[in-house]
Amino acid sequence: QVQLVESGGGLVQAGGSLRLSCAASVRSFSDYLLGWFRQAPGKEREFVAAINWSGYTRGYGDSVKGRFIMSRDGAKNMVYLQMNSLKPEDTAVYYCAADRVHAYSTEANDYFYWGQGTQVTVSS
């Protein structure tokens, strides 16, 4: 089974940056679709970014496009989310997620494995 453990969340001023990390207990990233999602209290879970199994298909939610960068390091079994130019509306619990290889998806329901989440708070 797959375990995902996020880290790197914290408090940051608007305009600042954070890098989230997700340690993945997977044999190979080539077997999985990988994603980042976020959820603020009282709001629906929102797509942030995803990388297809090949590593060549990569997409971002409209609200973070141009500011966030998702990457992966297969040698270290790590998934990253570099967040730049942070805004107060980016405040949320951020989750890394994965599913066995299937079509690229931005829908939370298409991901089976989830980390515990890490809190990101952006102050104004």
Side-chain angles (χ1 to χ4, degrees):
Q1 289 294 299
V2 175
Q3 286 191 315
L4 305 170
V5 181
E6 302 97 332
S7 62
L11 175 65
V12 64
Q13 289 278 341
S17 298
L18 282 175
R19 188 181 75 163
L20 305 183
S21 299
C22 177
S25 61
V26 300
R27 184 175 182 272
S28 174
F29 283 161
S30 66
D31 297 325
Y32 296 93
L33 171 69
L34 305 169
W36 284 97
F37 293 81
R38 66 187 185 185
Q39 188 166 24
K43 297 183 178 180
E44 64 184 7
R45 189 159 295 189
E46 178 186 16
F47 170 72
V48 175
I51 295 178
N52 201 11
W53 67 270
S54 67
Y56 297 134
T57 300
R58 190 176 315 203
Y60 299 91
D62 289 340
S63 63
V64 306
K65 194 173 299 180
R67 298 188 297 121
F68 291 9
I69 301 172
M70 183 180 181
S71 61
R72 68 182 193 181
D73 186 337
K76 298 180 179 180
N77 280 4
M78 296 292 292
V79 186
Y80 303 103
L81 183 68
Q82 178 66 46
M83 305 184 294
N84 301 314
S85 301
L86 284 162
K87 305 174 181 179
E89 51 263 45
D90 294 320
T91 295
V93 176
Y94 284 71
Y95 300 90
C96 61
D99 206 347
R100 299 186 187 279
V101 173
H102 59 68
Y104 175 88
S105 177
T106 63
E107 297 295 327
N109 287 341
D110 288 335
Y111 293 76
F112 183 78
Y113 302 103
W114 292 84
Q116 81 287 350
T118 185
Q119 177 71 47
V120 173
T121 302
V122 184
S123 63
S124 60

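Computed from a predicted structure; not experimentally measured.
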Return yes if some donor-acceptor pair links the side-chain N/O of [X] with the main-chain N/O of [Y] below 3.5 Å, else return no.
{"X": "Y111", "Y": "C96", "value": "no"}
{"X": "T91", "Y": "V122", "value": "yes"}
{"X": "Q82", "Y": "R19", "value": "no"}
{"X": "Q39", "Y": "A92", "value": "no"}

Mind checking the [atom1]-[atom2] spacing from [X] to [Y]? Nearest 0.5 Å is all I need.
{"X": "S25", "Y": "Q1", "atom1": "OG", "atom2": "CD", "answer": "9.0 Å"}
{"X": "F29", "Y": "D73", "atom1": "CZ", "atom2": "CG", "answer": "7.5 Å"}
{"X": "Y104", "Y": "D110", "atom1": "OH", "atom2": "CG", "answer": "11.5 Å"}
{"X": "L86", "Y": "R67", "atom1": "CG", "atom2": "CZ", "answer": "6.5 Å"}
{"X": "L33", "Y": "R100", "atom1": "CG", "atom2": "CZ", "answer": "13.0 Å"}
{"X": "Y113", "Y": "Q3", "atom1": "OH", "atom2": "CD", "answer": "11.0 Å"}

Which heavy atom in [X] sits nearest to a heavy atom in [Y], and how many Å separate them?
{"X": "P88", "Y": "A14", "answer": "CD-CB, 4.1 Å"}
{"X": "V5", "Y": "Q116", "answer": "CA-OE1, 3.6 Å"}
{"X": "S105", "Y": "A50", "answer": "O-CB, 4.1 Å"}
{"X": "N77", "Y": "G74", "answer": "OD1-O, 3.1 Å"}

Whether D62 and K65 form a salt bridge (side-chain N of Lys/Arg under 4.0 Å from carboxylate O of Asp/Glu) is what I want to check.
yes
Given side-chain contact (heavy atoms from CB on, under 4.5 Å), test M83 with V120 step by step and report yes or no.
CA-CA 10 Å; M83 305 184 294; V120 173; 3.8 Å; yes
Shared hydrophobic cluster for [X] and [Y] (ILVMFWY, side-chain gaps under 4.5 Å):
{"X": "V26", "Y": "F112", "value": "yes"}
{"X": "L4", "Y": "W53", "value": "no"}
{"X": "I69", "Y": "V12", "value": "yes"}
{"X": "V48", "Y": "Y95", "value": "no"}

S63 and side chain to side chain contact (heavy atoms under 4.5 Å, CB included): which single residue from E89, K87, R38 fits?
R38
Passing option when M70 is tested against L20, V64, L34 for side chain to side chain contact (heavy atoms under 4.5 Å, CB included):
L34
Would you call the rings of Y94 and F68 parallel, tilted or perpendicular, taking 30° and 60° as the class edges?
tilted
Aromatic plane relationship, F37 with W114 - under 30° parallel, 30 to 60° tilted, over 60° perpendicular
tilted
Is any side-chain heavy atom of V79 less than 4.5 Å from a side-chain heavy atom of W36?
yes
